[in-house]
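Following: one structure in structure tokens, then a few remarks.
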Amino acid sequence: DVKVTQSSRYLVKRTGEKVFLECVQDMDHENMFWYRQDPGLGLRLIYFSYDVKMKEKGDIPEGYSVSREKKERFSLILESASTNQTSMYLCASRVSPLPQHFGDGTRLSIL
Amino acid sequence: KQEVTQIPAALSVPEGENLVLNCSFTDSAIYNLQWFRQDPGKGLTSLLLIQSSQREQTSGRLNASLDKSSGRSTLYIAASQPGDSATYLCAVPDSGGSYIPTFGRGTSLIVHP
């Protein structure tokens, strides 16, 4: 069974900090995704990666960057955290065009 | 760009009822359609995948149908149970080759005993 693991379930950080959210998958999937999910707004795609060292902007990339140095790991970076980045962050992986497998999410609070 | 709408946004029913959740999409040139379940504070779990050539898929008490021409899919839940309480989302991959899914905002379901 596919396992997508996000490093933290809950995270509290301060405004201005550099924040790293990590995601690891164990099924050699080429594609990986980062979403944020907010009440009333649904899932919004931040960045996705087709393969190692490849990345594409999603719908809301501002204030975020990503890193994919190894196939199994996709990191989301908040360069300078702000309160409006408080949200639930979800990572997913897949072999296109099959359905994505999601991690359990990281609930991030920026104070 | 594909738009996906789910109706109703919320549903509260007594245990045992048969339920219909609706999903509509604007671009009928879809490759497949996916239904997911999300429990509170958790990630999404894939429930059913319907290929564009199929009209329905079944898994246990769940049945999903697809009508591409009208841009609609329905998720039918038979004999609902409290354990079915969750948010149900549908997703449609874009037709441009990347297959990046567009998600609906979901239907929040509560089944009370």
Side-chain angles (χ1 to χ4, degrees), chain A residues 1-11 21 23-25 27 29-51 54-61 87-109, chain B residues 1-10 21 23-25 29-54 57 59 62 64 66 73 75 86-108:
Chain A
D1 222 13
V2 177
K3 185 76 173 170
V4 179
T5 303
Q6 295 185 229
S7 54
S8 305
R9 291 296 313 277
Y10 302 94
L11 206 53
L21 302 184
C23 176
V24 176
Q25 49 95 1
M27 283 301 291
H29 286 171
E30 290 91 0
N31 300 171
M32 295 189 75
F33 304 80
W34 275 107
Y35 294 88
R36 66 178 282 175
Q37 186 177 32
D38 301 286
L41 297 177
L43 264 75
R44 292 182 290 168
L45 181 63
I46 305 172
Y47 269 97
F48 61 98
S49 169
Y50 286 114
D51 210 332
M54 298 175 69
K55 60 186 179 185
E56 296 284 340
K57 293 180 180 179
D59 298 319
I60 52 162
S87 186
M88 171 71 122
Y89 289 87
L90 292 167
C91 174
S93 73
R94 71 165 185 195
V95 174
S96 180
L98 296 177
Q100 297 160 311
H101 297 263
F102 281 82
D104 278 342
T106 296
R107 187 164 294 282
L108 175 64
S109 296
Chain B
K1 184 174 160 72
Q2 182 76 266
E3 291 182 14
V4 180
T5 304
Q6 291 189 246
I7 294 172
L21 309 183
C23 171
S24 61
F25 46 94
I30 63 171
Y31 184 79
N32 58 41
L33 184 141
Q34 303 152 15
W35 282 95
F36 291 87
R37 168 185 172 137
Q38 185 177 27
D39 293 296
K42 295 289 192 77
L44 280 65
T45 302
S46 181
L47 292 174
L48 289 164
L49 169 69
I50 312 177
Q51 301 292 349
S52 61
S53 57
Q54 298 175 312
Q57 274 284 3
S59 176
L62 304 180
L66 175 64
S73 176
L75 179 66
T87 297
Y88 293 81
L89 298 96
C90 66
V92 180
D94 73 59
S95 56
S98 70
Y99 303 111
I100 302 295
T102 298
F103 287 84
R105 295 186 183 183
T107 293
S108 176

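A, B, ... follow the sequence lines: proteins, then strands. Residue 1 opens every chain.
Between A:F102 and B:L44, the closest heavy-atom pair is CB-O, 3.4 Å. Across all their heavy atoms, A:L90 and B:G43 have their closest contact at CD2-CA, 3.8 Å.
Only the side chain of B:L89 comes within contact range of chain A, with heavy atoms under 4.5 Å apart. Heavy atoms of A:D59 lying under 4.5 Å from chain B belong exclusively to its side chain. With a threshold of 4.5 angstrom between heavy atoms, B:D39 does not approach chain A through any atom at all. Looking at A:R44, there are no atoms closer than 4.5 Å to chain B (heavy atoms on both sides), in backbone or side chain.
A distance of 9.5 Å separates CZ in B:F103 from CD in A:Q37, rounded to the nearest 0.5 Å. Once rounded to the nearest 0.5 Å, the distance linking CZ of B:R105 with CG of A:L41 reads 6.0 Å.
In terms of heavy-atom pairs under 4.5 angstrom with chain B, the leader among A:R107, A:R94, A:E56 is A:R94. When each of B:A9, B:P93, B:P101 is checked for heavy-atom pairs under 4.5 Å with chain A, B:P101 comes out on top.
Looking only at side-chain heavy atoms (C-beta outward), A:M88 and B:K42 stay at 4.5 Å or farther from each other.
Residue B:E3 places its CD atom among 12 or fewer non-hydrogen atoms of other residues, nucleotides or ligands, all under 6.0 Å distant.
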